[in-house]
Amino acid sequence: MAPGEKLPIAKAINSSLRKALENDPKVVVMGEDVGKLGGVFRVTDGLQKDFGEDRVIDTPLAESGIVGTAIGLALRGYRPVVEIQFDGFVFPAYDQIVTQLAKMHARALGKIKLPVVIRIPYAGGIGAVEHHSESPEALFAHVAGLKIVTPANSSDAYWMLQQAIECDDPVIFFEPKSRYWGKGEEVGRGIPAPLHRARVIREGTDLTIASYGPTVRTALQAADASAEEGRSVEVLDLRSISPIDFDTIQASVERTGRLVVVHEAPVFFGSGAEIAARITERCFYHLEAPVLRVGGFHAPYPPARVEEEYLPGLDRVLDGIDRAMAY
């Protein structure tokens, strides 16, 4: 990959994995069908051919075993990058992640590090069957000892994955699969932002939208539509879910006085609830309206034919903006 080349998110992740494998012989990629097939989304296409079966490993269909093996490899000095094929498949590995991976560093009083990255294609919008469109980020963010990040564009996908692999702590790397093969963006130029830093991607003065992953594009569309009505909407790409960059959110809300948090996951006990609570505490005297949340419903993810009714699309985000501006 040449610096500045335009790549979709899937190819940016492939290039990032390739760079990590080239730079560090202790990096290994493992998961179901990541080798010969190149992954179900072709994100790991060509890596096994170039780096061999010992470093790009096709595993059995056993998520708990995959993560458990990665923990063992990390204990022996490797940096495993695990792919969970679909978001809904991660739950057999949940015990390994929350009781072993997240806690080993504290259990060993800091003497043991587990530099494991778990890549999870997540969220909906691809017309899939059950267990293929979940947004479980809040379940992992609740667990101390894990770092949770999610890119929304190709440049962040490239840099953030390398930063996650270099991190000595376990990182859950959520990839917005509905954006995998969207319009390509320039990758590999400049200096990457810190892994857990939120970014203002559109400036505004009347209201702030905070979003991440697949809903960032929807937030930008809502800002464009609001501009036609004379409203100036600022858009934040949070990028990191644990830790959350509350300082950047606070600075934005102090300028605009209003906040709408958007994510695909259910609103009930979602990450937006924590953001709303914290920002209400931090910005009470700056708020012109309560912090509002727009997200999925508190219901199982629906069949593909009605998923557009479930997902927080443009109309629902604009409705949140209208409600916030009405105060």
Side-chain angles (χ1 to χ4, degrees), residues 84 86-91 94-95 97-98 102 120-126 128-144 146 148-150 152 172 174 176-178 198 207-219 222 236-246 249 253 258-284 287 289-324 326-327:
I84 301 296
F86 282 93
D87 35 51
F89 298 177
V90 73
F91 298 109
Y94 192 74
D95 178 44
I97 294 169
V98 303
I120 305 178
Y122 83 119
I126 64 168
V129 296
E130 190 178 11
H131 309 309
H132 291 68
S133 300
E134 308 296 331
S135 295
E137 61 269 22
L139 298 178
F140 294 98
H142 188 68
V143 179
L146 299 175
I148 319 295
V149 298
T150 177
I172 311 294
F174 281 105
K177 58 179 176 283
S178 64
L207 177 143
T208 299
I209 299 178
S211 60
Y212 56 83
T215 56
V216 169
R217 184 173 70 178
T218 310
L236 302 183
D237 179 359
L238 297 181
R239 302 174 71 246
S240 177
I241 302 166
S242 182
I244 294 173
D245 180 7
F246 288 110
I249 305 172
V253 173
R258 293 175 172 85
L259 175 63
V260 176
V261 186
V262 182
H263 52 64
E264 274 196 27
V267 167
F268 186 73
F269 269 78
S271 55
E274 178 64 23
I275 294 169
R278 292 287 190 101
I279 294 304
T280 299
E281 292 173 1
R282 287 181 170 216
C283 301
F284 186 79
L287 287 169
V291 179
L292 301 180
R293 295 167 291 151
V294 178
F297 300 113
H298 191 44
Y301 197 91
R305 65 181 179 274
V306 293
E307 72 174 341
E308 291 301 321
E309 303 301 322
Y310 176 90
L311 295 172
L314 177 59
D315 288 343
R316 286 197 2 227
V317 176
L318 288 174
D319 177 70
I321 293 172
D322 287 342
R323 288 187 287 126
Y327 282 90

Shortest non-hydrogen separation from [X] to [Y] and the atoms involved:
X	Y	value
I321	A222	CD1-CB, 4.1 Å
D87	P136	CB-CD, 4.3 Å
A324	L292	N-CD1, 3.6 Å
G124	S178	O-CB, 3.3 Å
A123	S135	CA-OG, 3.5 Å
A152	G213	CB-O, 3.5 Å

Can you tell me how the ring of F91 sits relative to the ring of Y94, calling it parallel under 30°, perpendicular over 60° and tilted otherwise? tilted

Does a donor on one side chain and an acceptor on the other come within less than 3.5 Å for E264 and Y122? no

Dump the intermediate steps for side chain to side chain contact (heavy atoms under 4.5 Å, CB included) on I97 and V90, then the final yes or no. CA-CA 9 Å; I97 294 169; V90 73; 4.0 Å; yes

Could you grab the distance from atom [atom1] of [X] to atom [atom2] of [Y], nearest 0.5 Å is fine?
X	Y	atom1	atom2	value
L139	L146	CG	CG	11.5 Å
I249	L238	CD1	CG	5.0 Å
Y310	S133	OH	OG	10.0 Å
Y301	E134	OH	CD	8.5 Å
F86	I126	CZ	CD1	5.0 Å
I244	I148	CD1	CD1	10.5 Å

Can you sort out the partners of R316 under salt bridge (Lys or Arg N to Asp or Glu O under 4.0 Å), two or more places apart, ordered by chain and number? none

Tell me whether [X] contacts the main-chain N or O of [Y] through its side chain, where contact means a donor paired with an acceptor under 3.5 Å.
X	Y	answer
S271	A138	no
H142	F140	no
R258	A289	no
K177	H132	yes
D237	A198	no

Taking it one step at a time, do F246 and E274 satisfy side chain to side chain contact (heavy atoms under 4.5 Å, CB included)? CA-CA 10 Å; F246 288 110; E274 178 64 23; 4.2 Å; yes

Pair I172, F174 - check side chain to side chain contact (heavy atoms under 4.5 Å, CB included), show working. CA-CA 6 Å; I172 311 294; F174 281 105; 3.4 Å; yes

side-chain contact (heavy atoms from CB on, under 4.5 Å) partner of V261, the single match among I209, I275, V267, T215: I275

Is any side-chain heavy atom of T208 less than 4.5 Å from a side-chain heavy atom of L236? yes

Is any side-chain heavy atom of L259 closer than 4.5 Å to one of L207? no

By the salt bridge (charged side-chain N to carboxylate O under 4.0 Å, His left out) test, which pairs, at least two apart or in different chains, include something from residues 299-314? none

Would you call D245 and R239 a salt bridge, using N to O less than 4.0 angstrom? no

Kindly indicate, with the supporting measurements, whether the criterion side chain to side chain contact (heavy atoms under 4.5 Å, CB included) is fulfilled by H263 and Y212. CA-CA 7 Å; H263 52 64; Y212 56 83; 3.4 Å; yes

